[in-house]
Amino acid sequence: MKKRIFSGIQPSGNLHLGNYLGAIKNWVKLQDEYESIFCVVDMHAITVPQDPAELRRRTIEVAKVYLASGIDPKKSTLFIQSQISEHAELCWILNTIAKIPELEKMTQFKDKTQKNGKESSAVGLFDYPVLMAADIILYDTELVPVGKDQKQHVELTRTLAERFNKKFGETFVIPKAYTTETSENIMGLDDPSKKMSKSAKSEYNYIALSDDEETVRRKIKKAVTDSGSEIVYSDEKPALKNLINIYSLLSEISPKEIEKKYVSKGYSNFKNDLADVVINFLTPLQQKIADLTDEKVLQILEAGAKKVRPIAKKKLEEVKKKIGFII
Ligand code: AMP
Ligand code: TRP
């Protein structure tokens with residue numbers, strides 16, 4: 001029996017290089033070894049306001065990115081979170097065992113409320129990690145391949161699963177986060193102290209997977225660099241380190257080799273080549289996305305939902321019985 005992995009991305013903004021390098025790139029590799037389920041988490045997306053038509057478009061777009069990146073529907077199951085109502089039901093049940101301070105500690109919640117103020121934040125935003133826990137444990141997931149920024153949420157998932165098991169008897173598999181060097185946070189091009197983010201205010205923060213050649217060149221030209229002119233990979237030069245990471249992860253050339261390649265060549269040579277590396281990666285990806293029709297993608301997502309529905313239903317019934325609901 002293959003071990004099961006589960007992961008998801010929100011259709012809430014432009015997918016960017018961070019999403020690809022931190023998450024999707026790993027999924028593509030893992031699908032051969034694991035029974036893989038990949039979700040488009042639209043219920044997470046609505047924890048901040050979304051335009052309905054945009055949400056619909058982006059949900060399909062995220063699935064297209066999965067497929068174009070090499071997620072193979074013959075090997076992996078793809079579906080839309082909101083089409084399986086068990087996620088919301090299990091979330092509600094887990095809400096009754098999750099503690100308020102546990103959620104208050106979540107860095108992502110703190111970051112997001114700091115940006116917009118608690119007054120205008122939805123309760124759903126606070127509860128976001130519990131829904132994520134439900135997503136994961138509903139399927140007896142063993143591994144959760146995510147970027148490093150999500151590790152804290154997976155830790156909470158473990159806590160909740162263990163707490164439930166202790167209270168009501170063995171029910172859930174305790175999952176583990178799966179991160180590699182490639183799930184290292186990719187930082188913002190305009191500020192290497194913050195991660196590259198879909199919700200960044202400035203478009204100079206990220207390279208979207210949909211950016212055209214001209215945009216990529218402009219953004220990389222404008223990317224902040226550290227003082228000095230040498231290309232060195234070090235924590236003292238976080239902006240440059242981030243650019244080297246992107247270069248390295250997209251070209252499979254190690255940071256050390258990149259350093260060597262640019263000895264006494266200066267930032268502008270390096271940046272020009274980095275732009276080439278990014279464009280050489282994005283152009284075929286964008287072509288594959290353009291070749292996928294909405295109908296085809298919706299068909300794949302529907303088939304995925306059909307496959308996971310019985311698993312989710314069975315697990316939720318077990319949970320309901322254990323807590324004393326009449327089913
Ligand atoms: P999100 O964009 O928050 O829905 O994240 C989707 C996936 O991409 C998660 O596994 C994140 O950990 C990963 N991810 C998002 N931003 C970054 C980043 N800047 N660097 C690395 N991974 C990221
Ligand atoms: N919270 C994750 C993120 O923002 C997305 C997500 C939702 C997820 N449910 C999940 C990731 C389940 C892994 C497993 O990146």
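In listed order, ligands and their atoms are each counted from 1. Note that these values count all heavy atoms, side chains included, but never hydrogens, waters or copies made by symmetry.
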Original post:
Considering the options Tyr233, Phe270, Tyr267, which one meets the ring pair (Phe, Tyr, Trp, His ring centres under 6.0 Å) requirement together with Tyr262?
Top reply: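 For Tyr262, the ring pair (Phe, Tyr, Trp, His ring centres under 6.0 Å) test succeeds with only one of Tyr233, Phe270, Tyr267, which is Phe270.
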
Quick one: look at [X] and ligand 1, take heavy-atom pairs under 4.0 Å, and tell me if it's side chain, backbone, both or neither.
| X | answer |
| --- | --- |
| His44 | neither |
| Asp149 | side chain |
| Met187 | neither |

**OP:** Could you tell me whether Glu203 and Arg218 have a side-chain N and a carboxylate O separated by less than 4.0 Å?
**Re:**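 Yes, Glu203 and Arg218 are salt-bridged.
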
Original post:
Would Lys75 and Glu35 pass as an ion pair if we require N to O under 4.0 Å?
Top reply: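 Salt bridge: no.
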
Will you find, in the side chains of [X] and [Y], an N or O donor that is under 3.5 Å from an N or O acceptor?
| X | Y | result |
| --- | --- | --- |
| Asn95 | Asp127 | yes |
| Gln150 | Gln108 | yes |
| Gln31 | Asp72 | no |

Element-labelled atoms of ligand 1 that are located less than 4.0 Å from some non-hydrogen atom of [X]:
| X | answer |
| --- | --- |
| Val146 | 10 (O) |
| Ile186 | 18 (C), 19 (N), 20 (N), 21 (C) |
| Ala23 | 7 (C), 8 (O), 10 (O) |

Check each heavy atom of [X] against ligand 2 and say whether those closer than 4.0 Å belong to the side chain, the backbone, both or neither.
| X | answer |
| --- | --- |
| Ile9 | neither |
| Asp149 | neither |
| Val146 | side chain |

**OP:** Would you please classify the geometry between the Tyr128 ring and the His153 ring as parallel, tilted or perpendicular, with 30° and 60° separating the classes?
**Re:**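 Answer is tilted, since the angle falls between 30° and 60°.
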
Original post:
In terms of ring plane angle, is the pair His87 and Phe6 parallel, tilted or perpendicular, where the classes change at 30° and 60°?
Top reply: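 Tilted: the ring planes of His87 and Phe6 meet at 30° to 60°.
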
Original post:
Heavy atoms only: which of Tyr139, Phe6, Tyr128 is nearest to atom 12 (C) of ligand 2?
Top reply: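 The residue whose heavy atom sits nearest atom 12 (C) of ligand 2 is Phe6.
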
For [atom], find the nearest protein heavy atom and state the residue, atom name and distance (0.1 Å precision).
| atom | result |
| --- | --- |
| atom 2 (C) of ligand 2 | Gln150 OE1, 3.3 Å |
| atom 5 (C) of ligand 2 | Gly8 O, 3.5 Å |
| atom 9 (N) of ligand 2 | Asp135 OD2, 2.7 Å |

Subject >> Sub-3.5 Å N/O-N/O distance, Gly18 and ligand 1 >> reply: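 Checking ligand 1 against Gly18, an N or O pair does fall under 3.5 Å apart.
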
Original post:
Is the closest N or O pair between Gln150 and ligand 1 shorter than 3.5 Å?
Top reply: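 There is no such contact.
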
Original post:
Going by the order shown, which atoms of ligand 2 are within less than 4.0 Å of some heavy atom of Val144?
Top reply: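 Within the 4.0 Å cut-off of Val144, ligand 2 contributes 13 (C), 14 (C).
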
Original post:
Can you list the ligand 2 atoms lying under 4.0 Å from a non-hydrogen atom of Gln10?
Top reply: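 In order of number, 4 (O).
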
Original post:
What's the verdict on side chain to side chain contact (heavy atoms under 4.5 Å, CB included) for Lys3 and Glu33, showing C-alpha distance, side-chain angles and the deciding distance?
Top reply: CA-CA 8 Å; Lys3 288 187 177 177; Glu33 211 181 314; over 6 Å; no

**OP:** Ignoring hydrogens and angles, tell me if any N or O in the side chain of Lys176 forms a donor-acceptor pair with the backbone of Leu143 under 3.5 Å.
**Re:**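 Such a contact is absent between Lys176 side chain and Leu143 backbone.
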
Original post:
Under a 4.5 Å side-chain heavy-atom rule over Ile, Leu, Val, Met, Phe, Trp and Tyr, are Ile174 and Val319 clustered together?
Top reply: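 In one cluster: no.
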
